[in-house]
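Heads up, the thing below is written out as structure tokens.
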Amino acid sequence: MTRLLVRGGTVVDETGTRRADVLIDGGAIAAVGEGLRAGDAGRVLDAGGCLVAPGLVDLHAHLRQPGHEEAETIETGARAAALGGYTAVVAMPNTEPAIDCASVVRDVLELAATAACAVHPAGAITAGRAGARLAPMAEMAALGVRLFTDDGAGVQDGRLMRRALEYGSALGATLAQHCEDDSLAAGGHLHEGEWSSRLGIPGIPAEAEELMVARDVALCRLTGAPVHFLHLSTAGSIALVRTAKAEGLAVTAEAAPHHFTLTAAAAAGYDPVYKVNPPLRTDADVAAVRAGLADGAIDAIATDHAPHPPEAKEAPFDQAPPGMLGLETALALGLTELVGGHGGAGPGLGVEALLGLLSWQPARIAGLTGEHGGPVEAGRGANLCVIDPDATWTVDPDRLASRSRNTPYAGRAMTGRVRHTLLRGELVVLDGEAQR
Ligand code: DOR
């Protein structure tokens, strides 16, 4: 194991911001302070002008394995994640077969053992994500699964969701909901509003999301079980979560980068790269997501990284699958659009607040704080990222590590880039290049 000195950076974690060197030995942080030395056998990484932060944690990545390795694998998805600054990702269970029992969880954990970041599978709430009967959550929880979700679909049956909450909370797990009422969303491909009318594409109303948020806030109140709301996209949903939090209910929420950077207008040319579920919404919704990120109504930025191969995304808009890549652009979008960078009209978030949304807050929701999300202090595992906040770059789909190319940000200028990522003390990204 390498002895490594990360020298001259600005350490940012939940406890604050300070200039400090970080000495890493045997996979753990050995010391944090000024004027540290690597010793003869040690390697020195210059972090001058850079931020040294706990590795980012993604609550929501589709790694497609098992079943859709043509789109992504755990290996390629984890590499993309490491390049994006992530040391841990939660892998969504809408694989084929679904991650809905111990044997599939075991398969994923085995594939994850050599990946460039920690991969924690989420388990399905219902068998086969079919929404009819509960999956064997206890046997998955016994293997360390802490989040359960049918993501890609919401659990439509309120009674079943109530039972899942009662059962899941007894296991110490959190249930994460993809909020979409199928009866309202059916047949829709774009947010229902100006752009669905103009383009003649059937819409998905904001209420399809908001009805399920409202129902699950009520079920959270009824059961006392924690509920995490995935990829919230409407002003109404965020208002519901804000009110539920004010009431003291155990709700948390995430938003995806595309919901604070893009609107339905992006789909004006019928390009399916802008098709995603929940759909891109309105300017007012984007403003509400940004406000929610700034005032704590939303706890985490989660990528909803959803790779699809070119042949799938080259279909007509109404036939293409929903989803966008996210792991390699999330941090830069946050720095560029929320903190400042290219003069993005963001809510003026501080870097510390942004990293909270990307690292320690999601680590807490996923139950990973023992290993990920900091603080950066002696004795902790060395899961870190080194970020150059001033580096400028342009997104080139052909240079992404993901196996797919469906980024909606091709050609977009970004400020802020990951320089190094350390997983358990090993450099998995060095000078912006993947090492695994
Ligand atoms: O856009 C999406 N893509 N939303 C989902 O909920 C599922 C995801 C996927 O798996 O492609």
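Heads up: numbering here begins at 1 and tracks the sequence. Scope of the values below: all heavy atoms of this structure, side chains included, with no hydrogens, waters or symmetry mates. For ligands, and for the atoms within them, numbers begin at 1 and follow the listed sequence.
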- Counting each atom of ligand 1 from 1 as listed, which ones have a heavy atom of A306 under 4.0 Å away? 3 (N), 8 (C), 9 (C), 11 (O)

- Query: Identify the closest protein heavy atom to atom 8 (C) of ligand 1: which residue and atom is it, and at what distance?
  - Reply: H62 NE2, 3.7 Å

- Do T252 and H228 have a side chain donor and acceptor closer than 3.5 Å? yes

- Query: Ion pair present between E209 and R281, side-chain N to carboxylate O less than 4.0 angstrom?
  - Reply: yes

- Item | Donor-acceptor pair between H231 and H178 side chains, under 3.5 angstrom | yes

- Query: Between S404 (side chain) and P307 (backbone), is there a donor-acceptor pair under 3.5 Å?
  - Reply: no

- Message: Counting non-hydrogen protein atoms only, what is the nearest one to atom 5 (C) of ligand 1? Give residue, atom name and distance.
- Response: N277 O, 3.5 Å

- Message: Please check whether V276 reaches ligand 1 - meaning an N/O of the residue sits under 3.5 Å from an N/O of the ligand, judged on distance alone.
- Response: no

- Note on the structure: In terms of heavy-atom contacts, A256 and D304 come closest through CB-CB, 4.4 Å

- Message: Within ligand 1, which atoms have a heavy atom of H178 less than 4.0 Å away?
- Response: 6 (O)

- Note on the structure: One finds that the ligand 1 atoms under 4.0 Å from a non-hydrogen atom of H308 are 11 (O)

- Task: Of the side chain and backbone of K275, name the one, both, or neither that has a heavy atom under 4.0 Å from an atom of ligand 1.
- Result: neither

- Between the side chains of D299 and Q361, does any donor sit under 3.5 Å from an acceptor? no

- Task: Please check if any side-chain donor atom of H62 sits under 3.5 Å from a side-chain acceptor atom of D151, or the reverse.
- Result: yes

- Message: At under 4.0 Å between heavy atoms, is it the side chain or the backbone of M324 that contacts ligand 1, or both, or neither?
- Response: neither

- Task: Considering the heavy atoms of N94, write down every atom of ligand 1 situated less than 4.0 Å from one of them.
- Result: 9 (C), 10 (O)

- Message: To check your reading of the model: name the closest protein heavy atom to atom 3 (N) of ligand 1, its residue, and the distance in Å.
- Response: P322 O, 3.0 Å

- Query: Using a heavy-atom cut-off of under 4.0 Å, does the side chain or the backbone of R64 touch ligand 1, or both, or neither?
  - Reply: side chain

- Query: If we only count N/O pairs under 3.5 Å, is G323 in contact with ligand 1?
  - Reply: yes

- Does any donor atom in the side chain of Y86 or S359 lie under 3.5 Å from an acceptor atom in the other side chain? no

